[in-house]
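Numbers for residues simply follow the sequence, beginning at 1.
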Amino acid sequence: TLSLPCLRLFNTSNSRMTIMPAWVIDRYGSNDVLRFTKNAGFPIINYPNEVVVQVHAAGLNPIDVSMRGGYGAATMAMKRDPLNINQSGSEFPLILGRDMSGVIMECGLDVASAYFKEGDEVWAAIPPWKQGSLAEFVVLSANEVSKKPKCLSHIEAAAVPYVAATAWSALVNTGGLNKDNCAKKRILILGGSGGVGTFSIQMLKAWGAHVTVTCSQNAERLVRGLGVDHVVDYTAGPVEVPLRALEKFDLVLDNVGGDTESWALGLLKPWCGAKYVTLVTPFLCNTDRLGIADGMLQTGVTVASKALKHLSKGVHYRWGMFAPNGLALDDISEMVDAGKIRAVVEEEFTFSQVPQAMLKVEKGHARGKTVVKISSGEDSSE
């Protein structure tokens with residue numbers, strides 16, 4: 001087992017550290033590109049609305065595995081360097097990890113003390129164009145950060161933000177759902193036992209919706225425990241057959257992709273404003289393959305043609321995307337502390353086991369989230 005240094009809490013404004021421990025990649029590829037270093041560059045505040053956070057736990061998501069292989073590299077490069085000043089490969093060494101729970105160590109000048117101060121326990125979903133959470137420290141905009149729920153440990157809290165922000169973007173921003181209009185709505189979640197699925201179930205049930213999910217038989221107990229009303233086992237045969245026998249739905253959230261588009265929209269109530277929202281889109285693949293301009297053009301043509309095709313049948317076709325949202329995390333934190341949502345952690349790894357954790361995520365068939373413990377923060381003296 002890899003031996004890691006003891007991680008320390010300190011006041012960054014006094015100590016002015018320049019390096020930190022982190023897992024990085026120096027090129028895109030398979031799991032062997034992951035490298036542990038004690039000399040990663042320490043994150044610094046470049047803008048007055050930023051905060052430096054000591055990471056106590058990091059959650060892993062399928063996008064981390066995809067980004068390790070270069071997925072979205074063209075779009076992320078444009079986001080980091082919109083004027084294309086830096087040469088290709090300037091993102092390396094790159095730190096992965098989109099979920100974070102930790103403690104604020106330093107605040108920029110514009111971060112109001114009424115919102116955040118040093119020592120606050122926070123959680124965040126880190127945008128994929130920023131350095132990630134598989135490191136001792138990370139720098140984030142204050143509007144991407146939220147106070148961690150008091151009832152969750154850092155390990156539990158790190159399982160929530162990215163899937164919560166993704167689900168919120170898909171269901172609320174794109175799907176038009178909220179706590180006041182969900183009662184008695186029929187929602188279908190394709191792929192209900194992963195991170196986004198397990199979070200979406202709980203949020204929708206808290207808002208009074210009727211929720212049906214597809215999952216394998218061995219995940220049924222998990223989703224039933226989260227409050228699901230109806231479960232369809234996708235391993236028992238073509239899943240669309242039993243779904244077509246059910247009453248039509250007001251919204252379908254697709255975490256699976258593939259050929260689901262060919263039949264899932266037929267499960268919606270026609271001419272009632274019903275929506276199909278898929279999180280499996282070709283947007284980043286288009287920009288990787290065709291470049292930014294042509295990729296965005298291809299994306300626009302694809303989504304417009306599909307939307308028009310299905311609108312003629314009385315249903316709405318939409319793409320859902322992750323969007324960092326500290327305000328949404330504020331609302332979700334309240335729901336967690338009220339006991340309406342719980343963290344679903346499938347497996348916990350130590351900081352030295354990051355490669356094993358990535359392999360676990362890469363295998364798929366998740367039953368909740370994979371989380372890495374980064375720092376205990378127990379010893380603040382030295």
Side-chain angles (χ1 to χ4, degrees), residues 43 50-67 95-104 115-116 120-135 137-173 194-204 206 226 253 255 279 320-338 340-349 357 361 366 368-375:
E50 291 181 330
V51 294
V52 173
V53 181
Q54 184 183 33
V55 182
H56 283 226
L60 294 183
N61 297 276
I63 192 173
D64 294 305
V65 175
S66 300
M67 287 181 64
I95 302 171
L96 300 173
R98 299 301 109 207
D99 276 314
M100 182 281 305
S101 181
V103 176
I104 291 181
Y115 292 101
F116 300 111
D120 282 348
E121 294 190 335
V122 294
W123 61 350
I126 303 172
W129 53 88
K130 293 190 174 184
Q131 291 285 44
S133 56
L134 293 176
F137 292 88
V138 67
V139 64
L140 292 165
S141 298
N143 58 10
E144 295 161 353
V145 175
S146 171
K147 298 280 183 68
K148 178 182 78 66
K150 295 180 178 65
C151 69
L152 295 186
S153 68
H154 285 294
I155 291 289
E156 293 168 326
V160 176
Y162 188 84
V163 294
T166 302
W168 189 279
S169 176
L171 296 171
V172 179
N173 299 348
V196 174
T198 53
F199 177 84
S200 300
I201 290 166
Q202 296 180 85
M203 184 170 76
L204 292 168
L226 298 175
L253 176 64
N255 298 302
L279 289 168
M321 302 276 187
F322 162 79
N325 192 335
L327 290 175
L329 287 178
D330 288 344
D331 289 344
I332 291 159
S333 184
E334 290 181 10
M335 294 174 75
V336 172
D337 278 332
K340 296 177 180 178
I341 292 175
R342 65 179 174 89
V344 183
V345 178
E346 181 177 14
E347 194 165 354
E348 177 186 338
F349 291 84
V361 176
K369 289 292 292 293
T370 297
V371 180
V372 177
K373 183 177 181 180
I374 307 292
S375 166

> Would you say the side-chain atoms of Ser141 and Lys130 include a donor-acceptor pair closer than 3.5 Å?
Replying inline: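 There is such a pair between these side chains.
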So do the side chains of [X] and [Y] get within less than 4.5 Å of each other, counting heavy atoms only?
{"X": "Val344", "Y": "Leu226", "result": "yes"}
{"X": "Ile126", "Y": "Glu144", "result": "no"}
{"X": "His154", "Y": "Glu121", "result": "yes"}
{"X": "Leu329", "Y": "Pro161", "result": "yes"}
{"X": "Pro43", "Y": "Gln131", "result": "no"}
{"X": "Ile332", "Y": "Phe199", "result": "yes"}

Taking all atoms of both residues into account, what is the closest heavy-atom pair of [X] and [Y], and its distance?
{"X": "Val371", "Y": "Ala158", "result": "CG1-CB, 3.9 Å"}
{"X": "Val145", "Y": "Phe116", "result": "O-CZ, 3.4 Å"}
{"X": "Ala157", "Y": "Leu152", "result": "CA-CD1, 3.9 Å"}
{"X": "Leu140", "Y": "Pro127", "result": "CD2-CD, 4.5 Å"}
{"X": "Ala343", "Y": "Val160", "result": "CB-CG2, 4.0 Å"}

>> Asp99 and side chain to side chain contact (heavy atoms under 4.5 Å, CB included): which single residue from Thr370, Val372, Asn61 fits?
In response: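 Exactly one option meets the side chain to side chain contact (heavy atoms under 4.5 Å, CB included) with Asp99, and it is Asn61.
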> Picking from Ile63, Leu134, Leu60, what satisfies side chain to side chain contact (heavy atoms under 4.5 Å, CB included) with Leu96?
Replying inline: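 Answer after filtering Ile63, Leu134, Leu60: Leu134.
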> Excluding sequence neighbours, so at least two apart, what forms side chain to side chain contact (heavy atoms under 4.5 Å, CB included) with Ala165?
Replying inline: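 With sequence neighbours excluded, Ala165 shows a side chain to side chain contact (heavy atoms under 4.5 Å, CB included) to Ala125, Phe322, given in chain and number order.
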What is the distance from atom [atom1] of [X] to atom [atom2] of [Y], rounded to the nearest 0.5 Å?
{"X": "Ser133", "Y": "His56", "atom1": "OG", "atom2": "NE2", "result": "13.0 Å"}
{"X": "Ser169", "Y": "Asn325", "atom1": "OG", "atom2": "CG", "result": "8.5 Å"}
{"X": "Asp337", "Y": "Lys150", "atom1": "CG", "atom2": "NZ", "result": "6.0 Å"}
{"X": "Lys369", "Y": "Thr198", "atom1": "NZ", "atom2": "OG1", "result": "8.0 Å"}
{"X": "Ser146", "Y": "Tyr115", "atom1": "OG", "atom2": "OH", "result": "12.5 Å"}

>> Quick test of your reading: applying salt bridge (Lys or Arg N to Asp or Glu O under 4.0 Å), list the pairs with at least one residue in residues 156-169, sequence neighbours left out, ordered by first then second residue.
In response: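 For residues 156-169: none.
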>> Under the salt bridge (Lys or Arg N to Asp or Glu O under 4.0 Å) definition, can you give me all pairs with a residue in residues 54-66, not counting sequence neighbours?
In response: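 Salt bridge (Lys or Arg N to Asp or Glu O under 4.0 Å) check on residues 54-66 returns Asp64-Arg98.
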> Quick check: are there more than 12 heavy atoms from other residues, nucleotides or ligands sitting under 6.0 Å from NZ of Lys147?
Replying inline: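 Yes, because the 6.0 Å sphere around NZ of Lys147 holds more than 12 heavy atoms from other groups.
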>> Determine whether a donor-acceptor pair (N or O, by modelled atom type, separation under 3.5 Å) exists between the side chain of Glu348 and the backbone of Lys373.
In response: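 Pair absent, no side-chain N/O of Glu348 close to backbone of Lys373.
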